[in-house]
Amino acid sequence: MNNIRRLAFIGGGNMAAALIGGLTKRGLPRDRIVVADPSREQLERLSRDFGITAAADNETAVAGAEVVILAVKPQQMRAVALGLAPDIAASNPLVISVAAGIPHAALARWFGPRVAVVRTMPNRPALNGFGATGLYAPASVGAANRALAEAIMAAVSATVWVEHESQMDTVTALSGSGPAYFFLFMEALEAAAHARGLPNDIAHKLTLETAFGASQMARLSSDSLAVLRDQVTSKGGTTAAALDVLDAAGLRAIVAHAVAAADRRSAELAAEFGAP
């Protein structure tokens, strides 16, 4: 990755900032990164915080770039891609999209079939370096470009490849939307503890540390989630009483319905944003 001579970001928002921070920490020289964004304030912030180069426009940013990262809103992608298509076709860089809901076929149609395009779906915790990213690319992209795309996204997140692009909708429903599911559960847990008499600050701290500790236990253990759950559930104890209530309320079915709804909506947005 450090052999990249020029890496261009189109869009200088939060995800671009996170990736720039992660890449520079991993040794990519700051003077090899260039960013274009319509907001002068955004560009000044990135230049001040990271010492990268601010480009006057998108075309200037991608000139001579070996990698172009598209970090714009999905509804802006078509116009941005079509505007850059001649420059991208001329220099033929690896193009990485971090825009949700834009299918690979649409990107290939806008840039041309000869351009190597990798579609990614990072999630919001990537802003703090603890993200998860799903990646998809057809076989034509090649192993070298796939490895480069993965190395770039790994600067801020764990990475997984999916074999079929339709699975990106499920990635979106799981890890893309997933942080909000956990925040909702944590919010409810905190509120329930406060309602039982714990002060807000204590309920909040215990909620955060319990969620963090449970996640770390799962990450560091070779046991399945079901086994870990059993290990903290004594027969006839407090945990069992609580889990019985959650099971009776149909928690598993509720989660399945929620993920299915997000999956469907992701497919709908992909069809909308990527329509010819």
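Note that the coordinates shown come from a computational prediction; the quantities given were computed from them, not determined experimentally. Side chains are part of it too, since the values below use all heavy atoms of this structure and drop only hydrogens, waters and symmetry mates.
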Trainee: Would you say L82 and V72 are hydrophobically clustered, going by side-chain heavy atoms of ILVMFWY under 4.5 Å?
Mentor: yes

Trainee: Please indicate whether Q216 has more than 12 foreign heavy atoms, meaning atoms of other residues, nucleotides or ligands, lying under 6.0 Å from its CD.
Mentor: yes

Trainee: Is the side chain of Q42 donor-acceptor paired with the backbone N or O of P38 at a distance under 3.5 Å, no angle test?
Mentor: no

Trainee: Could you list all the salt bridge (charged side-chain N to carboxylate O under 4.0 Å, His left out) pairs where at least one residue sits in residues 218-238, not counting sequence neighbours?
Mentor: none

Trainee: State, with a plain yes or no, whether a side-chain heavy atom of I33 is found less than 4.5 Å away from one of T53.
Mentor: no

Trainee: Testing the basics here: between N58 and A36, what is the closest heavy-atom pair and its distance to 0.1 Å?
Mentor: OD1-CB, 3.3 Å

Trainee: Atom CG in N145, atom CD1 in I96: separation rounded to 0.5 Å?
Mentor: 8.5 Å

Trainee: Quick check: closest heavy atoms across V35 and L43, and the distance to 0.1 Å?
Mentor: O-CD2, 3.5 Å

Trainee: Sequence neighbours left out, what passes side chain to side chain contact (heavy atoms under 4.5 Å, CB included) with E66? Give chain and number order.
Mentor: I4, R5

Trainee: In the single-linkage hydrophobic clustering (I, L, V, M, F, W, Y; side-chain heavy atoms under 4.5 Å), do L208 and F183 co-cluster?
Mentor: yes

Trainee: Quick check for you: to the nearest 0.5 Å, what is the distance between T120 atom OG1 and I152 atom CD1?
Mentor: 10.0 Å

Trainee: Give a yes or no answer on whether the side chain of S215 reaches the backbone of A211 with a donor-acceptor pair at less than 3.5 Å.
Mentor: no

Trainee: Does Y136 sit in a hydrophobic cluster with other residues, and if so which ones, taking ILVMFWY side chains as linked at heavy-atom separations under 4.5 Å, directly or through other members?
Mentor: M121, V162, M168, V171

Trainee: At their closest point, which heavy atom of N123 faces which heavy atom of G176, and how far apart are they?
Mentor: CB-CA, 4.0 Å

Trainee: May I have the step-by-step check of side chain to side chain contact (heavy atoms under 4.5 Å, CB included) for V98 and I69, ending in yes or no?
Mentor: CA-CA 7 Å; V98 299; I69 299 178; 4.3 Å; yes

Trainee: Quick check against the 3.5 Å criterion: does R146 have a side-chain atom that pairs as donor or acceptor with the backbone of L135?
Mentor: no

Trainee: Examine V34 and M15 and state if one hydrophobic cluster contains both, with Ile, Leu, Val, Met, Phe, Trp and Tyr joined whenever side-chain heavy atoms are less than 4.5 Å apart.
Mentor: no

Trainee: Are the side chains of L23 and V156 in contact, using a 4.5 Å heavy-atom criterion?
Mentor: no

Trainee: Per the salt bridge (charged side-chain N to carboxylate O under 4.0 Å, His left out) rule, what does the pair list look like for residues 165-193, sequence neighbours excluded?
Mentor: R119-E165

Trainee: What residue pairs, at least two apart or across chains, pass salt bridge (charged side-chain N to carboxylate O under 4.0 Å, His left out) with a residue in residues 195-217?
Mentor: none

Trainee: Side chain to side chain contact (heavy atoms under 4.5 Å, CB included), that's the test. Do L19 and F9 meet it? Break it down for me.
Mentor: CA-CA 10 Å; L19 283 166; F9 283 88; 3.8 Å; yes

Trainee: So, for A132 and S157, which heavy atoms are closest and what is the spacing to 0.1 Å?
Mentor: N-CB, 3.6 Å

Trainee: Are side-chain heavy atoms of R124 and L127 found at a separation under 4.5 Å?
Mentor: yes

Trainee: Residues in side chain to side chain contact (heavy atoms under 4.5 Å, CB included) with S222, at least two apart?
Mentor: none

Trainee: What distance do L46 atom CG and I52 atom CD1 have between them, rounded to the nearest 0.5 Å?
Mentor: 5.0 Å

Trainee: Output the rest of the hydrophobic cluster of F185: all Ile, Leu, Val, Met, Phe, Trp and Tyr residues reachable through side-chain heavy-atom contacts under 4.5 Å, sorted by chain and number.
Mentor: L189

Trainee: Once side chain to side chain contact (heavy atoms under 4.5 Å, CB included) is applied, do any residues pair with S166, and if so which ones, sequence neighbours excluded?
Mentor: H164

Trainee: How close do V118 and A137 get, heavy atom to heavy atom, and via which atoms?
Mentor: CG2-CB, 4.0 Å

Trainee: With a 4.5 Å cut-off on side-chain heavy-atom distances among I, L, V, M, F, W and Y, is there a chain of contacts connecting I202 to M186?
Mentor: no

Trainee: Quick one: CD1 on I10 to CD on Q76, what's the gap to the nearest 0.5 Å?
Mentor: 12.0 Å

Trainee: Does R78 form a side chain to side chain contact (heavy atoms under 4.5 Å, CB included) with W110? I'd like the steps, not just the answer.
Mentor: CA-CA 7 Å; R78 182 201 304 268; W110 297 333; 3.7 Å; yes

Trainee: With sequence neighbours excluded, tell me which residues meet side-chain hydrogen bond (donor to acceptor under 3.5 Å, both in side chains) with D263.
Mentor: T170

Trainee: In Å and rounded to the nearest 0.5 Å, what is the CD1 to CG distance from I88 to L94?
Mentor: 10.0 Å

Trainee: Between the side chain of S97 and the main-chain N/O of A99, is any donor-acceptor distance below 3.5 Å?
Mentor: yes

Trainee: Is L246 isolated, or which residues cluster with it under the ILVMFWY side-chain rule of less than 4.5 Å, directly or via members?
Mentor: Y181, L243, L251, V255, V259

Trainee: Salt bridge (charged side-chain N to carboxylate O under 4.0 Å, His left out): which pairs involve residues 266-275, sequence neighbours left out?
Mentor: R265-E268

Trainee: Output the distance between atom CZ (R252) and atom NE2 (H257), rounded to the nearest 0.5 Å.
Mentor: 14.0 Å

Trainee: Under a 3.5 Å distance rule, please check whether N128 uses its side chain to pair with a backbone N or O of F130 as donor and acceptor.
Mentor: no

Trainee: For M77 and K73, what are the C-alpha separation, side-chain angles and deciding distance, and is it a side chain to side chain contact (heavy atoms under 4.5 Å, CB included)?
Mentor: CA-CA 6 Å; M77 183 63 84; K73 294 179 179 179; over 6 Å; no

Trainee: Within a strict 4.5 Å, meaning less than it, do heavy atoms of the L228 and S221 side chains meet?
Mentor: yes

Trainee: If you look at every heavy atom in P74 and I102, which pair is closest and at what distance?
Mentor: O-CD1, 3.6 Å

Trainee: Has the side chain of T159 got a donor or acceptor atom that lies under 3.5 Å from a matching backbone atom of T133?
Mentor: no

Trainee: Which residue pairs pass the side chain to side chain donor-acceptor pair (under 3.5 Å) test with at least one member in residues 13-31, sequence neighbours excluded?
Mentor: none

Trainee: Does any N or O in the side chain of T60 come within less than 3.5 Å of the main-chain N or O of A56, such that one atom is a donor and the other an acceptor?
Mentor: no

